[in-house]
Structures are given as C-alpha cells and as structure tokens.
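Structure, as structure tokens:
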Amino acid sequence: GTRPRGKSKHKAQAKEAVEATLSVLRRQERTGVKHEYRPCTCSAQGIACRKETCECIQANNFCEKFCACAGALGGCLNGFPGCACKRSECRGTG
C-alpha cells in the first residue's frame, strides 16, 4: 500500500494500534460495563479479530497474550499496546 512520505511501516501500524485501542477505551467508557475476560479464539478459527467475530471486542476487552491471536504480541490491532504514562504518574483507572 501507499504511505505518506517519510512514514515507516512500523509507525503506520503503531498508529492503527493506538486508534484501535482508543476505540476500545471509548466504547468501555461509553457503556460503563466491565466484563469477565475470556480469551478469544479468532486466530485458531483462521479469522482476524473483528467486531463481528472477536469475543474480546464484543465484551469490550483488549486481546491479551492468552488469546489465540496473541494480542498485541502477535500484531493484533485489538491488543493493548501499553500506556504512555510516566512510571510514577499512571492515570489508569483499573
């Protein structure tokens, strides 16, 4: 595919991951519902993690290392990429 000049493939993928993460966070905040975590089986079924098929996305959760897609470790766009907080100034709510 074509990328904006000067942007690396890694930066483009990182931006997509951040956008996907923000989408999940907004959805969780909007619904106000926290769900029990159950690893998805998307990759084991031979499909990508998408809203229509991924148990994690449907439950407003991030994919984790326990998922068949291996979460952020395996390149899943629904994987939690980590936070940008300074070590002593975490803004997490959880």
Side-chain angles (χ1 to χ4, degrees):
T2 59
R3 298 187 295 272
R5 199 163 186 205
K7 298 272 184 175
S8 70
K9 183 177 180 180
H10 177 54
K11 285 183 182 179
Q13 288 174 336
K15 183 178 179 182
E16 286 178 19
V18 167
E19 289 170 0
T21 299
L22 290 175
S23 174
V24 170
L25 289 172
R26 281 189 218 104
R27 186 169 55 244
Q28 287 176 341
E29 192 170 304
R30 196 172 51 245
T31 62
V33 178
K34 292 187 177 182
H35 299 276
E36 178 183 331
Y37 174 73
R38 288 188 211 142
C40 71
T41 57
C42 299
S43 184
Q45 297 175 34
I47 54 178
C49 292
R50 292 192 308 260
K51 185 176 182 178
E52 303 81 31
T53 57
C54 180
E55 298 96 336
C56 292
I57 295 173
Q58 292 170 0
N60 292 325
N61 288 324
F62 292 109
C63 292
E64 300 278 343
K65 65 182 179 180
F66 306 107
C67 296
C69 64
L73 301 174
C76 174
L77 293 181
N78 189 52
F80 184 68
C83 70
C85 301
K86 292 181 181 177
R87 186 178 292 263
S88 63
E89 298 175 6
C90 184
R91 298 182 306 270
T93 60

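- Looking at every heavy atom in both residues, T53 comes nearest to A48 through OG1-O, 3.4 Å.
- Among all heavy-atom pairs drawn from F66 and P39, the shortest one is O-CB, 3.6 Å.
- If you take CG on L77 and OG on S23, they are separated by 11.0 Å, rounding to the nearest 0.5 Å.
- Rounded to the nearest 0.5 angstrom, E55 CD and C63 SG are separated by 9.0 Å.
- Checking each of C67, C42, C76 against C54 for a side-chain contact (heavy atoms from CB on, under 4.5 Å) leaves exactly one that passes, namely C42.
- Summarising the geometry of N78 relative to C56, their closest heavy-atom pair is ND2-CB, 3.9 Å, with the distance given to 0.1 Å.
- Rounding to the nearest 0.5 Å places SG of C40 at 10.0 Å from CD of E64.
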